[in-house]
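Throughout, residue positions are numbered sequentially from 1 according to the sequence presented. Keep in mind that what you see is a predicted model, and the values were worked out from it rather than measured.
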Amino acid sequence: ITDLLASAADSHILTFAVDQWSAMHYCTMGELCVVSIDGTGLSGTNQLLVATYGASVPAPADIDVWPSSLYTARDAAGTHYDFGRLLQGSPGFYFLFWRAFPGAAFVGFSGFHVVGPEQQSMACTLGVECVLTMLGAGLDRTGGKVLIAEHESCGFEIQPADWPESNPAATEAQSDGSSAVARFGTPLSGAPAATFSLRWSASPNSLQDYRYIVSTAVTLAGPSWGH
């Protein structure tokens with residue numbers, strides 16, 4: 001990353017303002033992200049950099065957000081880039097920079113929007129309606145559904161928790177897409193000592209589509225049975 005910043009600073013890159021919803025490219029948390037671009041003279045040596053929006057030079061995005069911040073074209077035509085599946089990090093607006101080959105100067109060319117809820121903690125209480133307000137980006141554009149799942153180890157199938165509404169039909173998004181409300185009903189039974197995970201998907205067709213984990217430790221407050 002240090003080398004990337006140094007080469008960017010030496011090239012005197014100019015960034016330009018764009019409306020965040022006019023971004024030419026976007027991806028969704030939990031889904032495979034493939035960015036396709038058009039141009040002239042593109043090739044398989046070309047690279048894209050995902051950068052923090054608004055900087056005077058392209059500071060690479062937090063590496064926790066992406067499988068990587070720098071991607072090389074997957075095809076000889078230089079038009080397709082595999083960004084992997086986005087499973088952690090911060091939804092929001094970023095910027096894409098392009099360069100012809102490693103060591104060449106970066107050129108900013110497009111806004112890039114990552115849609116979905118932010119990762120956050122969640123706690124509910126026995127006998128009290130469980131309502132969660134999720135913060136994020138573009139939540140009005142995706143709809144999306146949430147699922148409270150049994151806490152499972154890697155390799156196990158996703159199973160919904162035994163809650164009144166562990167899988168609400170939809171979320172209620174604000175018009176600007178910055179937040180959405182999910183209602184899980186009023187839990188009247190359950191193991192308060194247990195922890196659950198909160199998962200989200202933009203358009204699930206099955207339980208296994210809830211790959212993006214919003215919270216790894218959904219807690220349920222209340223007395224232990226028989227004590």
Atom pair CZ/OG1 of R183 and T133 - distance to nearest 0.5 Å | 8.0 Å
Output the distance between atom CG (D82) and atom SG (C33), rounded to the nearest 0.5 Å.
-> 9.0 Å
Nearest-0.5 Å distance, OG1 of residue T219 to CE of residue M122 | 8.5 Å
Which atoms form the tightest heavy-atom contact between V34 and C27, and what is the distance?
-> N-SG, 4.3 Å
Check whether any side-chain N or O of N46 sits under 3.5 Å from a backbone N or O of L42 as a donor-acceptor pair, and report yes or no.
-> no
Quick one: does L139's side chain get under 4.5 Å of S178's, heavy atoms only?
-> no
What's the spacing between R211 CZ and S201 OG if we round to 0.5 Å?
-> 7.5 Å
Could you go through the side-chain contact (heavy atoms from CB on, under 4.5 Å) check for T28 and L86 one step at a time?
-> CA-CA 7 Å; T28 302; L86 306 183; over 6 Å; no
For residues 29-42, the side chain to side chain donor-acceptor pair (under 3.5 Å) pairs (sequence neighbours left out) are S36-H80
Can you name the side-chain contact (heavy atoms from CB on, under 4.5 Å) partners of A77, sequence neighbours left out?
-> D75, T79
Check the pair F184, V131 against side-chain contact (heavy atoms from CB on, under 4.5 Å), reporting the backbone distance first and the verdict last.
-> CA-CA 6 Å; F184 298 96; V131 180; over 6 Å; no
Check side-chain contact (heavy atoms from CB on, under 4.5 Å) between V128 and all other residues, then give those that pass, not counting sequence neighbours.
-> T125
List for me each residue that meets side-chain hydrogen bond (donor to acceptor under 3.5 Å, both in side chains) alongside Y212, sequence neighbours excluded, and say none if there are none.
-> none
Distance-minimising heavy-atom pair for M29 and G116 | CG-CA, 4.1 Å
Side-chain contact, heavy-atom cut-off 4.5 Å: I37 with F109?
-> yes
In terms of heavy-atom contacts, P204 and Y210 come closest through CG-OH, 3.3 Å
Can you tell me how far OH of Y94 sits from CG of L49, rounded to the nearest 0.5 angstrom?
-> 12.5 Å
Look only at the side chain of Q120 and the backbone of V214, and say whether a donor-acceptor pair between them is shorter than 3.5 Å.
-> no
Looking at SG of C130 and CG of L220, how far apart are the two atoms once the value is rounded to the nearest 0.5 Å?
-> 8.0 Å
Is the centre of the F112 ring less than 6.0 Å from the centre of the F97 ring?
-> no
What closest approach, in Å, do L96 and H25 show between heavy atoms, and which atom pair accounts for it?
-> CD1-ND1, 3.9 Å
Derivation of the side-chain contact (heavy atoms from CB on, under 4.5 Å) call for L198 and L147 | CA-CA 6 Å; L198 176 65; L147 170 73; over 6 Å; no
Who are the side-chain contact (heavy atoms from CB on, under 4.5 Å) partners of T45, not counting sequence neighbours?
-> S43, F101
Over all atoms of both residues, closest heavy-atom pair of V146 and W200 | CG1-CD1, 3.7 Å
Nearest heavy-atom neighbours spanning S215 and S121 = OG-CA, 3.9 Å
Excluding sequence neighbours, so at least two apart, what forms side-chain hydrogen bond (donor to acceptor under 3.5 Å, both in side chains) with Q47?
-> T72, R99
Evaluate the side-chain proximity of V50 to F83: yes if any heavy-atom separation is below 4.5 Å, no if none is.
-> yes
